[in-house]
Protein chains: 2
Amino acid sequence: MSERPEQRKDAVDAIIEQWATVRPDLDTAAMEVFGRVGRLTLAMGDRMDKAYAKSGISRGEFDVLATLRRSGEPYTLSPRQLSATLMLTTGGMTGRLDKLERAGLLRRSPDPHDRRGLRVTLTDKGLGVVDEAVAAGLAVQTEALSALDAERAALLADLLRELLAGTERP
Amino acid sequence: MSERPEQRKDAVDAIIEQWATVRPDLDTAAMEVFGRVGRLTLAMGDRMDKAYAKSGISRGEFDVLATLRRSGEPYTLSPRQLSATLMLTTGGMTGRLDKLERAGLLRRSPDPHDRRGLRVTLTDKGLGVVDEAVAAGLAVQTEALSALDAERAALLADLLRELLAGTERP
DNA sequence: GGAAAGTTGCTTAGCGCTAAGCTACTTTCT
DNA sequence: AGAAAGTAGCTTAGCGCTAAGCAACTTTCC
């Protein structure tokens with residue numbers, strides 16, 4: 001189908017071939033994309049974990065700190081806003097906040113306007129940690145992406161945006 | 001940078017803009033790719049779970065059944081082969097096999113040549129379930145991929161293969 | 001040939017997430 | 001205005017995965 005000269009077979013190609021042998025009736029074209037997307041997520045996840053570990057935090061914890069950092073001064077959000085942004089249940093968020101508060105990277109304080117509510121704020125220490133970690137994480141991603149030249153990388157980003165947009169609101 | 005007429009902003013674009021505001025020094029180009037890859041994995045994961053749930057199994061359980069199915073007759077592998085293929089620890093595999101055996105989808109039997117070993121075999125019921133589930137899963141993926149025309153989908157698959165290859169052995 | 005080291009195999013303890021539950025505020029109806 | 005229903009907010013119980021541990025076979029060295 002493609003006139004590309006020679007592209008090395010990868011693990012996904014092997015799986016697709018196996019299916020073609022035992023179930024030749026299946027249309028496995030979509031696996032070519034989503035199989036690789038899944039594997040990329042897995043492989044990069046491992047590397048990101050290691051990058052963040054140098055700052056003493058896990059990936060999930062990084063996500064919390066980064067969300068606060070991105071929100072700008074005064075680096076304050078509610079647990080509800082955090083769990084919504086990270087597509088996490090409030091239960092999972094409670095656990096992460098516990099750990100981060102114990103580590104002194106953020107602080108929980110009551111919301112003055114809503115006696116039910118809480119406000120979560122980055123500490124100075126947390127700010128330092130997240131700034132270090134985000135740089136380390138981006139370095140890992142940038143290194144991995146260097147497998148593609150800039151033009152092909154931009155093309156890939158555009159195709160992914162298009163696919164994601166079509167996927168998120170059908 | 002791109003001359004593309006108008007591409008709608010997505011969640012990843014928004015995150016990148018936030019970073020540009022608070023940390024304009026960061027090079028966030030790689031996020032354009034890996035941020036979207038991660039979100040795609042998350043979104044498709046949810047849908048695949050629902051597709052497999054119709055056959056009464058989880059995604060992890062599907063992976064086990066599919067690996068056995070793909071291996072061809074007599075649909076038999078060792079727990080070790082399964083955990084290696086699925087990049088899972090043997091502990092995680094024990095739990096999955098327990099559930100699947102209880103559901104009657106596979107059978108554990110002693111290896112006649114190795115008194116330590118075990119052989120895992122798909123039952124007739126398991127074969128039926130996995131054949132139903134793989135079709136349902138592929139339908140979900142194919143539907144999602146239809147956001148791109150065939151040519152762009154193939155291009156995306158090639159770019160991903162290239163990136164993955166460069167990523168997995170650097 | 002035997003024994004010790006190494007390899008492969010599988011089941012049990014700790015961590016993190018989802019689901020259920022409880023409290024506090026808000027809104028609406030009379 | 002008062003009360004009841006609804007909504008938003010957060011901490012506690014069950015499930016699944018990784019890490020540590022124990023058993024059986026194989027290989028290698030003397």
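We name chains A, B, ... by the order of the sequence lines, and we start the count at 1 in each one. Quantities reported herein were computed from a predicted structural model and do not represent experimental measurements.
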Less than 4.0 angstrom between a side-chain N/O of [X] and OP1 or OP2 of [N], yes or no?
{"X": "A/Thr90", "N": "D/dC10", "result": "no"}
{"X": "B/Thr89", "N": "D/dC17", "result": "no"}
{"X": "B/Arg96", "N": "C/dC10", "result": "no"}

Problem set entry | Side chain to side chain, A/Arg96 and A/Leu88, heavy atoms closer than 4.5 Å | yes
Exercise. Does any non-hydrogen side-chain atom of B/Arg39 lie less than 4.5 Å from one of B/Val12?
Worked result: yes
Report the distance from atom [atom1] of [X] to atom [atom2] of [N], rounded to the nearest whole Å.
{"X": "A/Arg80", "N": "C/dT23", "atom1": "CZ", "atom2": "C1'", "value": "15 Å"}
{"X": "A/Asp98", "N": "C/dC17", "atom1": "CG", "atom2": "C1'", "value": "14 Å"}
{"X": "B/Met87", "N": "D/dA19", "atom1": "CE", "atom2": "P", "value": "14 Å"}
{"X": "A/Leu88", "N": "C/dT18", "atom1": "CG", "atom2": "P", "value": "5 Å"}
{"X": "B/Leu82", "N": "C/dG9", "atom1": "CG", "atom2": "P", "value": "11 Å"}
{"X": "B/Met93", "N": "D/dG16", "atom1": "CE", "atom2": "P", "value": "14 Å"}
{"X": "A/Glu101", "N": "D/dC10", "atom1": "CD", "atom2": "P", "value": "13 Å"}
{"X": "A/Leu77", "N": "D/dC10", "atom1": "CG", "atom2": "P", "value": "12 Å"}

For this session: Might you work through the side chain to side chain contact (heavy atoms under 4.5 Å, CB included) test for A/Gln141 and A/Met48, ending with a clear yes or no?
Result: CA-CA 8 Å; A/Gln141 293 190 342; A/Met48 301 301 282; 3.5 Å; yes
For this session: Evaluate whether atom CG of A/Asp124 has more than 12 neighbouring non-hydrogen atoms of other residues, nucleotides or ligands under 6.0 angstrom away.
Result: no
Exercise. Which one, C/dT11, D/dC10, D/dC25, comes nearest to the side chain of B/Asp114?
Worked result: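 So the side chain of B/Asp114 is nearest to D/dC25.
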Exercise. For DNA chain D, whose closest nucleotide is more 5', that of B/Lys99 or that of A/Gly117?
Worked result: A/Gly117
With a non-hydrogen cut-off below 4.0 angstrom, is [X] in contact with a base, only sugar-phosphate, or nothing?
{"X": "A/Gly92", "value": "base"}
{"X": "B/Arg59", "value": "nothing"}
{"X": "A/Gly95", "value": "nothing"}

Exercise. Would B/Arg36 and B/Asp13 pass as an ion pair if we require N to O under 4.0 Å?
Worked result: yes
